[in-house]
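Working notes for the structure below.
For this chain, numbers begin at 1 and follow the sequence in order. Atom set for the values below is all heavy atoms of this structure, side chains included, hydrogens, waters and symmetry mates excluded.
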Amino acid sequence: MARGLWLLSREVGRLRPLLVQGQARGISASTQEQLHVCVVGSGPAGFYTADRMLKGHDGAQVDIIDRLPTPFGLVRSGVAPDHPETKIVLNQFSRVAANGRCSFFGNVTLGRDISLSELRKTYHAVVLAYGAESDRSLGIPGEDLKGIHSAREFVWWYNGHPDMCDFCPDLKNTESAVVLGQGNVALDVARILLRCKAELATTDITDYALDALRGSTIRKVYLVGRRGPVQAACTAKELREILGLKNVRICIKAADLVTTPADEEEMRNSRIQRRVYELLSKTAHGGNNYNGQKELHFVFFRKPIRFIPAENGSTVGAVQLEKTVLKGDEVTGKQVAAGTGEFEDLKCGLVLKSIGYKSLPVQGLPFDKNRGVVPNLRGRVLSSESEIATVERGLYVVGWLKRGPTGIVATNLHCAEETVASILEDDKKGVLRPPSDWTKHGRAGLLEILERKNVRFVPFSGWEKINSVEKMAGELRNKPREKITTWDGLQKVAHE
């Protein structure tokens, strides 16, 4: 404990000059008074919020806290290792963190190390950007069988998230895997299962995941969707990439490509949907390069009904699917899948559910459990979803927690701009600085709380040590980095 207090004292001393520097900048650069803002979550939504906050208010001092020792959220643990171009945004986020008016506090968990109530008493504005770290459930029989996992778990595993360092998917005892869903994440996991391992070896995929994939016996991957090719939830860019995989046969039933007038109307209204359909249709009719080793099957108009155990009784052996047809929904106007009563079994030994992420509430936070989001008005947190809901002063939300788990990395930019605009508007109106509540301490107050609770946080300088060690290890293997994948390993390097 004594060493922990000493480390905290050292970090307090390191951050105090930044605090003074930030205060000086806030006073000299503008007539705006200092505004203390805390952003909970260091993914794209969190960093875009910090960036826009610093640019929009000369007196803003922004502290970003995250439960992980590492920043950047899903850019680090969600973006596929063979998509390095998507990770270029980390350069921009690093520049934000280097701003004297911004600080990062990793290894700080909201609800465990510090409460929402404590943050609201310490900061003028608290912005919740902690995303979605749980999974939706299908709620069908057999979902607890071995061999059934969420796509999130699989993605975190091959990306080195410390929560998944002990996750061991069995890739050796089956030749078939079923991926439930046809969005970008579904395509990611299917691509990783089928991609040439020599190509993956030069990415930042974890070493243990690469070894497991090299020993994989999986040769067929089935992408299962409830609706048709027109309604596939992926982007054309992601689809084009997986359709172009070397030595993988793409299998699409011609009958599934027949469109209805309703489908044609959807495509007229959505260039993305039309492009996705055109790519699938072209591939189905034109064939592709294939050497007989691996297959990717697009299975449309099927929904899972139950999971069937293998002979051992504990592991999944098949997925029972019900054939569907599309019907117009009178409320939404969209085409929805309806069961026909026709069933078929699809044999497999591995199932990855890519049916959506789910956000989790914390104590003191209004939360819509059905939608998995925080009720809000342009980022301002509301007390409830009712018509008489009131605005929670100084409390805001951004990202997946605000709008649901949708969009790409760049989607969070517009989302953050809207929330920051609400904060600036409220500050201008004096909502964030009532006369009776002027004792906000911001960063100094946060440091006091963490020191009192003996929380060993990781500052951005700690992340820079992790980053340096990972890159050096990666150079030895001709990779961008070799990730440190355990909690203990990350914290040890950060505090050296």
(message) Between Arg219 and Glu175 (salt bridge meaning N to carboxylate O under 4.0 Å), is one present in this structure?
(response) no
(message) Show the nearest heavy-atom pair for residues Phe367 and Pro361, with the distance to one decimal.
(response) CG-CB, 3.5 Å
(message) Between Val39 and Ile65, does the side-chain contact (heavy atoms from CB on, under 4.5 Å) criterion hold? Intermediate values first, please.
(response) CA-CA 6 Å; Val39 177; Ile65 70 173; over 6 Å; no
(message) Measuring from atom CG of Leu490 to atom CD of Glu470, what distance do you get when rounded to the nearest 0.5 angstrom?
(response) 7.0 Å
(message) If you define the side chain from C-beta out and look only at heavy atoms, does anything of Phe105 sit under 4.5 Å from Val458?
(response) no
(request) Taking the side chain as every heavy atom from C-beta outward, state whether Leu450 and Leu446 have any atom pair closer than 4.5 Å. (result) yes
(message) For a salt bridge (Lys or Arg N to Asp or Glu O under 4.0 Å) check, start with the C-alpha distance between Arg76 and Asp204, then their side-chain angles and the critical distance, and finish with the verdict.
(response) CA-CA 10 Å; Arg76 177 176 168 90; Asp204 65 358; over 6 Å; no
(message) Atom NZ of residue position Lys87 - does it have more than 12 heavy atoms of other residues, nucleotides or ligands inside 6.0 Å?
(response) yes
(message) Measuring from atom SG of Cys415 to atom CZ of Arg378, what distance do you get when rounded to the nearest 0.5 angstrom?
(response) 13.5 Å
(message) What I want to find out is whether Glu448 reaches Arg443 closely enough, with some N-O distance under 4.0 Å, to be called a salt bridge.
(response) no
(message) Counting neighbours of NE2 on His83 that are heavy atoms of other residues, nucleotides or ligands and sit closer than 6.0 Å, is the number greater than 12?
(response) yes
(request) State which residues pass side chain to side chain contact (heavy atoms under 4.5 Å, CB included) with Lys429; sequence neighbours excluded, sorted by chain then number. (result) Glu425, Val431
(message) Does any part of the side chain of Thr315, heavy atoms only, come nearer than 4.5 Å to the side chain of Leu145, both counted from C-beta?
(response) no
(request) Give, for atom CG of Leu119 and atom CD1 of Ile449, the distance between the pair rounded to the nearest 0.5 Å. (result) 7.0 Å
(message) Looking at Asp207 and Lys483, is any side-chain nitrogen of the basic one under 4.0 Å from a carboxylate oxygen of the acidic one?
(response) no
(message) For His124 and Asp427, which I'm curious about, is there any donor-acceptor pair between the side chains at under 3.5 Å?
(response) no
(message) Can you classify the ring geometry of Tyr123 versus His36 as parallel (below 30°), tilted (30 to 60°) or perpendicular (above 60°)?
(response) perpendicular
(message) Between the side chains of Glu143 and Lys353, is the shortest nitrogen-to-carboxylate-oxygen separation below 4.0 Å, so that they form an ion pair?
(response) yes
(request) Identify the heavy atoms of Ala186 and Ser354 that sit nearest to each other, and give their distance. (result) N-OG, 3.3 Å
(request) Go through the steps for Phe104 and Phe457 under the test side-chain contact (heavy atoms from CB on, under 4.5 Å), then give the verdict. (result) CA-CA 9 Å; Phe104 172 74; Phe457 68 89; over 6 Å; no
(message) Would the distance check show the side chain of Asp66 and the main-chain N or O of Ser42 forming a donor-acceptor pair, the cut-off being under 3.5 Å?
(response) yes
(message) For a 4.5 angstrom cut-off between non-hydrogen side-chain atoms, does Pro304 reach Leu138?
(response) yes
(request) Flag the pair Glu118 and Arg112 as a salt bridge only when some basic side-chain nitrogen lies within less than 4.0 angstrom of an acidic carboxylate oxygen. (result) no
(message) Can you confirm whether Val127 sits close enough to Cys38 that some side-chain heavy atom of one is under 4.5 Å from a side-chain heavy atom of the other?
(response) no
(request) Spell out, as yes or no, whether a donor-acceptor pair under 3.5 Å connects the side chain of Tyr208 to the backbone of Asp166. (result) no
(message) Would you say that more than 12 heavy atoms from the other residues, nucleotides or ligands in this model lie under 6.0 Å from the NZ of Lys146, or not?
(response) no
(request) Look up atom CG in Asn159 and atom OG1 in Thr485, then write down how far apart they are to the nearest 0.5 Å. (result) 11.5 Å
(message) Has Lys246 got a side-chain atom pairing as donor or acceptor with Gly244's backbone, closer than 3.5 angstrom?
(response) no
(message) Is any side-chain heavy atom of Leu187 closer than 4.5 Å to one of Val185?
(response) no
(message) Once side-chain hydrogen bond (donor to acceptor under 3.5 Å, both in side chains) is applied, what residue pairs with a partner in residues 396-409 remain, sequence neighbours excluded?
(response) Tyr396-Asp426, Lys402-Glu418, Lys402-Thr419, Arg403-Asn412
(message) Using a strict threshold of under 4.0 Å (side-chain N to carboxylate O), is an ion pair present between Arg120 and Glu392?
(response) yes
(message) Tell me if a side-chain donor or acceptor on Ser383 pairs with a main-chain N or O of Thr390 at a distance below 3.5 Å.
(response) yes
(message) Using side-chain heavy atoms (C-beta onward) and a distance below 4.5 Å, is Leu296 in contact with Leu223?
(response) yes
(request) Mind listing the closest non-hydrogen atom pair of Gln182 and Val224 along with its distance? (result) NE2-C, 3.8 Å
(request) Using a strict cut-off of less than 4.0 Å between a Lys/Arg side-chain nitrogen and an Asp/Glu carboxylate oxygen, indicate whether Arg191 and Glu241 qualify as a salt bridge. (result) yes
(request) For the pair Ser176 (side chain) and Cys348 (backbone), establish whether a donor and an acceptor sit closer than 3.5 Å, ignoring hydrogens and angles. (result) no
(request) Take Val62 and Arg101 through the side-chain contact (heavy atoms from CB on, under 4.5 Å) test and state the conclusion after the steps. (result) CA-CA 6 Å; Val62 182; Arg101 292 186 286 133; over 6 Å; no
(request) For Ile272, look at atom CD1 and say whether over 12 heavy atoms of other residues, nucleotides or ligands are found less than 6.0 Å away. (result) no
(request) Can you measure from CG (Leu352) to CD1 (Ile148) and round to the nearest 0.5 angstrom? (result) 10.0 Å
(request) Kindly indicate whether the side chain of Cys234, heavy atoms from C-beta on, has any atom under 4.5 Å from the side chain of Val276. (result) yes
(request) Taking all non-hydrogen atoms of both residues into account, name the closest pair between Asn184 and Glu238 and its distance. (result) OD1-CG, 3.2 Å
(message) Exactly one of Gln491, Arg456, His495 should register a side chain to side chain donor-acceptor pair (under 3.5 Å) with Asn107. Which one does?
(response) Gln491
(request) Could you walk me through whether Lys453 and Asp113 pass salt bridge (Lys or Arg N to Asp or Glu O under 4.0 Å), step by step? (result) CA-CA 7 Å; Lys453 295 185 177 183; Asp113 299 322; over 6 Å; no
(message) For Phe167 together with His149, are the ring centres under 6.0 Å from each other?
(response) yes
(message) Using modelled atom types and a 3.5 Å cut-off, is there a donor and acceptor pairing between side-chain atoms of Gln34 and backbone atoms of Gln61?
(response) no
(message) Is it true that, when you exclude Glu85 itself, more than 12 heavy atoms of the residues, nucleotides or ligands shown sit nearer than 6.0 Å to its CD?
(response) yes
(message) Below 30° counts as parallel, above 60° as perpendicular, anything between as tilted: where do the rings of Phe93 and Phe47 land?
(response) parallel
(request) Return the orientation label for the Tyr158 and Phe154 ring planes: parallel under 30°, perpendicular over 60°, tilted otherwise. (result) perpendicular
(message) Can a donor-acceptor pair be found, under 3.5 Å and without considering hydrogens, that links the side chain of Ser115 to the backbone of Gly111?
(response) no
(message) Run the side-chain contact (heavy atoms from CB on, under 4.5 Å) test on Tyr130 and Val397 for me, step by step, so that the C-alpha distance in whole Å, both residues' side-chain angles and the decisive distance to 0.1 Å come before the verdict.
(response) CA-CA 9 Å; Tyr130 61 78; Val397 67; over 6 Å; no
(request) Just jot down the side chain to side chain contact (heavy atoms under 4.5 Å, CB included) partners of Val493, sequence neighbours excluded, or say none. (result) Lys465, Ile466, Val469, Ile484
(request) Mind listing the closest non-hydrogen atom pair of Phe72 and Ser94 along with its distance? (result) CZ-OG, 3.6 Å
(request) Indicate the atoms forming the closest heavy-atom contact of Cys102 with Leu54, along with that distance. (result) CB-CD1, 4.0 Å
(message) If I take atom CD1 from residue Ile423 and atom CE from residue Met53, how far apart are they, to the nearest 0.5 angstrom?
(response) 5.5 Å
(request) State plainly whether the residues Asp51 and Lys55 are in salt-bridge range, i.e. N to O under 4.0 Å. (result) yes
